[in-house]
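Report on the structure given below.
The analysis underlying the following values was restricted to heavy atoms, covering all of them including side chains, and did not include hydrogens, waters or symmetry mates. The structure displayed is predicted, hence computed values, not measured ones.
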Amino acid sequence: YVLTKPKDSTISIEDRYFICDIIIILISSFWFGWLCSLVRLPPMFGYILSGILFGPSGFNVLKSIVQVETLGEFGVFFIMFMLGMEFSPEKIRKVWRVAVFGSVSMAMVMVTIAICWGYFLEIAAQQCVFVAVCLSLSSTPLVIKFLSSPSPTARHIVVHDDLSPSSESADYSPVLLGILVMQDIQLSFFIAILPVLSTEMDSVGDQSSALMSMFYTIFLIVKVLTALAAVLFLANMCNRYVICKLVKLIHTTASKELNVLGLISIAFFTLQLTDVFGVSMELGCFLAGVMISGQNQKFVEESQQLLEPVRDVFACLFFASIGLHVFPSFVVYEISILTVLTCVVVTVKFLIGVSVLSVVLPSRLYCRRSIIAAGLSQVSEFSFVLGSRAKRLHILSREVYLVILSVTTLSLILSPALWHLALRLFRPLKTLTPK
């Protein structure tokens with residue numbers, strides 16, 4: 001089923017089916033990703049499409065599905081590692097109040113709405129909370145692409161040195177990016193507590209008393225918070241006394257391959273550290289990236305340039321492995337319901353964003369509130385990561401998992417049009433100029 005160790009170790013044995021599967025995925029992902037880029041869609045849709053087309057729901061060409069999914073896990077590791085390297089406290093220091101309050105409040109409002117909705121529909125609270133968490137996240141790479149692309153309605157909007165949201169010259173991009181960074185941090189925490197949610201769902205049903213169930217839930221929460229505190233403490237110690245010296249050693253190495261291996265070693269060491277404490281390995285990769293981001297800015301930029309191709313290749317395999325579990329027949333049969341759900345989710349996220357930002361931003365900045373809310377109205381591609389983890393841990397059913405994938409995909413497809421529409425409807429009344 002999975003090749004591990006041959007009886008005769010003196011003979012070299014290759015898994016030909018696995019090699020062919022990787023070749024098929026990478027070649028098809030290139031062409032499908034290129035077609036998606038032509039219509040201004042993220043290339044990851046092409047990667048997912050390659051998994052759908054050649055997976056069990058398509059031509060059923062791929063044979064070593066387990067091996068492909070295992071290799072695709074490294075895509076998640078590198079995605080989280082690079083995400084941590086992009087985290088910079090300096091970028092959000094001036095808007096941290098808005099970023100923290102906005103991201104946490106939006107997630108809490110989404111969870112509250114989901115719990116109330118699930119109560120009337122008699123859906124398990126754990127599933128409601130998890131679905132709300134997935135839908136509350138927004139796509140950081142997509143928004144960064146929006147902000148960096150030229151737009152006729154945003155051409156005269158400039159990012160200023162004064163990033164305070166209460167200033168007259170405040171731009172929407174620092175606040176928007178700050179909220180997205182805080183959502184990325186929340187993502188790492190959500191991934192960390194997934195095993196706890198799985199254990200809770202397996203154990204609560206055996207409890208005869210609701211009081212015992214509540215105490216058991218509290219115990220699990222305290223357990224994961226204690227493990228997180230221990231991991232953060234050890235990561236801080238490693239950052240102070242180990243990472244700095246190791247980074248200097250890597251930086252003095254003239255060999256690029258040794259630089260790449262050194263960075264990957266740091267990520268995988270932290271990954272193993274979090275796994276020992278029962279915390280998700282993805283959080284370890286994120287922490288490793290955060291520790292690297294605190295080093296010399298030049299070294300960080302060079303490290304990102306070296307690791308981006310590695311991340312992109314493994315991320316391609318990960319998104320293709322997601323396509324192996326997507327069935328187009330489900331989307332076709334339920335397209336009307338999925339379209340309505342996507343519109344509801346996008347509208348609710350926009351209204352929640354405007355309502356939350358109205359608390360922390362002055363009333364005169366209503367245009368920026370609306371643009372920021374529009375930028376956060378889509379669902380993040382990292383819901384694929386959360387959804388695949390939850391399905392594996394039996395937190396989500398197969399049907400709910402497919403609904404999350406479909407709604408996320410449709411919202412990302414609609415997001416470019418919604419963003420440009422928001423810029424036209426809510427553009428500032430006067431041109432902004434730097435101080």
Side-chain angles (χ1 to χ4, degrees), residues 36-37 39-49 79 83 86 99 102-103 105-107 109-111 113-114 130-149 151 153-154 172-173 175-187 190 315 319 322 326 331 335 337-357 368-388 401-426:
C36 288
S37 65
V39 293
R40 297 185 178 182
L41 289 177
M44 69 174 183
F45 288 126
Y47 310 154
I48 296 175
L49 186 59
I79 288 173
L83 194 63
E86 294 171 359
S103 59
S105 300
M106 292 176 192
V109 173
M110 287 286 290
V111 169
I113 294 175
F130 185 82
V131 171
V133 166
C134 286
L135 299 181
S136 66
L137 300 174
S138 302
S139 175
T140 302
L142 196 62
V143 173
I144 291 176
K145 185 177 180 180
F146 290 159
L147 295 176
S148 60
S149 61
S151 173
T153 56
Y172 57 80
S173 55
V175 179
L176 180 55
L177 292 175
I179 293 176
L180 289 171
V181 169
M182 294 308 302
Q183 286 187 350
D184 294 338
I185 297 175
Q186 291 177 9
L187 169 67
F190 294 149
F319 287 113
I322 290 177
V326 176
V331 179
I335 186 63
I337 298 177
L338 294 175
T339 303
V340 172
L341 285 176
T342 303
C343 294
V344 170
V345 169
V346 171
T347 304
V348 169
K349 289 193 68 175
F350 175 78
L351 295 177
I352 291 176
V354 172
S355 301
V356 170
L357 292 173
R368 298 179 184 86
R369 289 202 306 262
S370 302
I371 294 176
I372 293 170
L376 299 172
S377 61
Q378 88 288 128
V379 183
S380 173
E381 66 276 3
F382 285 112
S383 62
F384 296 152
V385 180
L386 284 174
S388 62
Y401 174 65
L402 292 177
V403 169
I404 291 177
L405 292 184
S406 303
V407 171
T408 301
T409 303
L410 292 175
S411 69
L412 290 173
I413 292 174
L414 292 174
S415 58
L418 295 176
W419 174 256
H420 291 292
L421 179 62
L423 290 180
R424 291 184 179 277
L425 293 178
F426 305 110

Value rounded to 0.5 Å, distance of OG in S415 from CG in L410: 11.0 Å

Passing candidate, side chain to side chain contact (heavy atoms under 4.5 Å, CB included) with S103, options V356, I179, L180, L376: I179

Does any part of the side chain of M106, heavy atoms only, come nearer than 4.5 Å to the side chain of S136, both counted from C-beta? no

Roughly how far apart are S105 OG and M110 CE, rounded to 0.5 Å? 13.5 Å

What are the two closest heavy atoms between S139 and L412, and how far apart are they? CB-CD2, 4.0 Å

Heavy atoms of S370 and V354 approach each other most closely as CA-CG2, 4.3 Å

Nearest 0.5 Å please: distance from the CD1 atom of I372 over to the CZ atom of F350. 11.0 Å

Spell out, as yes or no, whether a donor-acceptor pair under 3.5 Å connects the side chain of S383 to the backbone of S380. yes

Is F45 close to L49 at the side-chain level, that is, under 4.5 Å between some pair of heavy atoms? no

Any chance you could lay out the side-chain contact (heavy atoms from CB on, under 4.5 Å) test for T409 and T342, step after step, and finish with the verdict? CA-CA 9 Å; T409 303; T342 303; over 6 Å; no

Any heavy-atom pair between the side chains of S411 and V345 that's under 4.5 Å? no

From L351 CG over to S377 OG, what is the distance, rounded to the nearest 0.5 angstrom? 10.5 Å

Between Q183 and S138, the two heavy atoms sitting closest are OE1-N, 2.9 Å

Contact check, side chains of L386 and L137, non-hydrogen atoms, under 4.5 Å: yes

Which heavy atom in I371 sits nearest to a heavy atom in A422, and how many Å separate them? CG1-O, 4.2 Å

Heavy atoms, side chains only, cut-off 4.5 Å: are I352 and I113 in contact? yes

